[in-house]
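Since the model is a prediction, treat every value here as computed from it, not as a measurement.
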Amino acid sequence: SLSAAELRQALALLSVLGPNGEEPSAADADAMLSAADTDSSGEVDFGEFVDIVLSSGEGGGSGWWARFLEMLRGGGDGDGADNDGGGGAGHQPELVRLESEADVESLIARFTAAFRAALDALFDRLAEGPAALGAEGGEELVIPESAALAWLELINRELGRGGTYRGAMAAFERSEAATGRRELTRRAFHGIFARELGEGKWWQVAYDLDASGISLAEFDVGKGAASPPRRHYEAWLDYAYYTANSLRLAGYQESLSEEQARRIYKDGDALPNAWHPSDHIPVGCVFEWG
């Protein structure tokens with residue numbers, strides 16, 4: 001749960017400012033709490049926070065909730081002004097939500113040069129062969145269904161599982177409806193990975209490329225030989241929530257031992273692997289009644 005003081009602290013940490021550039025006051029934080037605290041408990045609990053998020057801050061009264069959520073999503077510059085995505089000091093990439101083909105196109109346009117080059121290298125490898133439409137016929141290079149299915153079986157170990165499989169099947173259906181052929185164009189191949197990224201599966205994309213024998217480091221445009229090796233995707237996704245007014249955190253378990261951390265970060269033994277068959281690591285805590 002969040003108190004008014006914690007809300008004000010969060011606004012400060014995210015550099016959220018008012019419409020005229022003013023910093024949030026204690027009264028502003030109190031107004032935010034009052035707008036969200038539907039059960040009058042004096043704090044914003046998780047359910048109330050979710051309700052505010054789903055309403056995009058519309059229930060926030062003074063507008064501080066809307067500005068706060070905009071900064072959480074990375075789409076604002078802190079003063080309520082529109083962000084043109086120009087990459088200035090206050091720019092942060094917004095979270096992506098793919099609801100249409102236009103959204104997919106927008107995300108593809110944001111691929112880095114290194115990522116696009118890696119995808120194109122994999123596409124060109126899979127498109128090679130007599131089944132592919134090549135330059136001889138003056139037509140666009142494509143990945144035939146047979147080559148795509150062999151690749152999907154390689155990265156997923158069996159057909160019928162994984163987001164890349166579902167994305168490829170949907171692309172085949174669109175291709176068959178439009179051309180009568182089940183194949184993947186370069187744009188459709190990029191779209192499969194864009195949809196994975198849109199669902200937050202950065203780790204899956206990294207694994208798919210790695211399992212396909214494609215190293216992003218080989219396409220790291222503009223990096224010198226002295227650059228440190230690229231690490232696999234890492235993020236903190238799993239949390240243990242507790243109510244501070246009734247429980248006290250007595251201790252927590254380190255998720256990785258020093259040896260395990262060394263094997264992951266120094267030796268490149270990324271998760272999942274033979275000794276830890278999940279891409280998540282455990283969160284363990286001990287609580288006492290407050």
Quick check: do [X] and [Y] have side-chain heavy atoms less than 4.5 Å from each other?
X: Ile281; Y: His276; result: yes
X: Val44; Y: Ser1; result: no
X: Trp289; Y: Arg248; result: no
X: Ile108; Y: Arg116; result: yes
X: Phe287; Y: Leu249; result: yes
X: Met169; Y: Thr164; result: no
X: Leu7; Y: Trp64; result: no
X: Asp124; Y: Arg186; result: yes

For the student: nearest non-hydrogen atoms of [X] and [Y], plus distance:
X: Leu33; Y: Ser3; result: CD1-C, 3.8 Å
X: Ile155; Y: Ala211; result: CG2-CB, 4.1 Å
X: Cys285; Y: Ala240; result: SG-CB, 4.0 Å
X: Ala168; Y: Leu184; result: O-CD2, 4.3 Å
X: Trp65; Y: Met32; result: NE1-O, 2.8 Å
X: Arg161; Y: Asn156; result: O-ND2, 3.0 Å

Take Leu11 and Leu17, measure what side chain to side chain contact (heavy atoms under 4.5 Å, CB included) needs, and give me the verdict at the end. CA-CA 8 Å; Leu11 291 171; Leu17 302 176; over 6 Å; no

Answer yes when [X] and [Y] have at least one side-chain N-carboxylate O distance shorter than 4.0 Å, and no when they do not.
X: Glu22; Y: Arg67; answer: no
X: Arg263; Y: Glu258; answer: no
X: Arg8; Y: Asp30; answer: no
X: Glu105; Y: Arg187; answer: yes

According to side chain to side chain donor-acceptor pair (under 3.5 Å), who are the partners of Thr112, at least two apart in sequence or on a separate chain?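 By the side chain to side chain donor-acceptor pair (under 3.5 Å) rule, Thr112 matches no residue at all.
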
Interatomic distance, [X] atom [atom1] to [Y] atom [atom2] [nearest 0.5 angstrom]:
X: Arg157; Y: Leu152; atom1: CZ; atom2: CG; answer: 15.0 Å
X: Ile214; Y: Leu119; atom1: CD1; atom2: CG; answer: 9.0 Å
X: Asp37; Y: Ile52; atom1: CG; atom2: CD1; answer: 10.5 Å
X: Leu256; Y: Glu259; atom1: CG; atom2: CD; answer: 11.0 Å
X: Arg166; Y: Ile192; atom1: CZ; atom2: CD1; answer: 12.0 Å
X: His190; Y: Phe111; atom1: NE2; atom2: CZ; answer: 7.0 Å

Would you kindly say whether Asp28 and Ser25 are connected by a side-chain donor-acceptor distance under 3.5 Å? yes

Modelled atom types, side-chain donor and acceptor of Thr243 and Asn245, under 3.5 Å: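 No, no side-chain donor-acceptor pair sits under 3.5 Å.
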
How are the rings of Phe193 and Phe115 set to each other: parallel, tilted or perpendicular (split at 30° and 60°)?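 Because their plane-to-plane angle is over 60°, the rings of Phe193 and Phe115 count as perpendicular.
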
Using ring-ring contact (aromatic ring centres under 6.0 Å, His included) as the criterion, list what pairs up with Phe46, not counting sequence neighbours.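 Checked Phe46 against ring-ring contact (aromatic ring centres under 6.0 Å, His included); matches are Tyr241.
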
Using modelled atom types and a 3.5 Å cut-off, is there a donor and acceptor pairing between side-chain atoms of [X] and backbone atoms of [Y]?
X: Glu173; Y: Ala170; answer: no
X: Gln204; Y: Gly163; answer: no
X: Glu43; Y: Ala4; answer: no
X: Ser175; Y: Arg181; answer: yes
X: Glu153; Y: Ala150; answer: no

Shared hydrophobic cluster for Ile143 and Leu159 (ILVMFWY, side-chain gaps under 4.5 Å): yes

CD (Glu176) with more than 12 external heavy atoms under 6.0 Å: yes

Kindly indicate, with the supporting measurements, whether the criterion side chain to side chain contact (heavy atoms under 4.5 Å, CB included) is fulfilled by Tyr239 and Val283. CA-CA 7 Å; Tyr239 297 84; Val283 178; over 6 Å; no

Pair Glu288, Leu247 - check side chain to side chain contact (heavy atoms under 4.5 Å, CB included), show working. CA-CA 6 Å; Glu288 294 178 348; Leu247 294 174; over 6 Å; no

Looking at Phe189 versus Trp151, is the centre-to-centre ring distance below 6.0 Å?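 Ring centroids of Phe189 and Trp151 are less than 6.0 Å from each other.
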
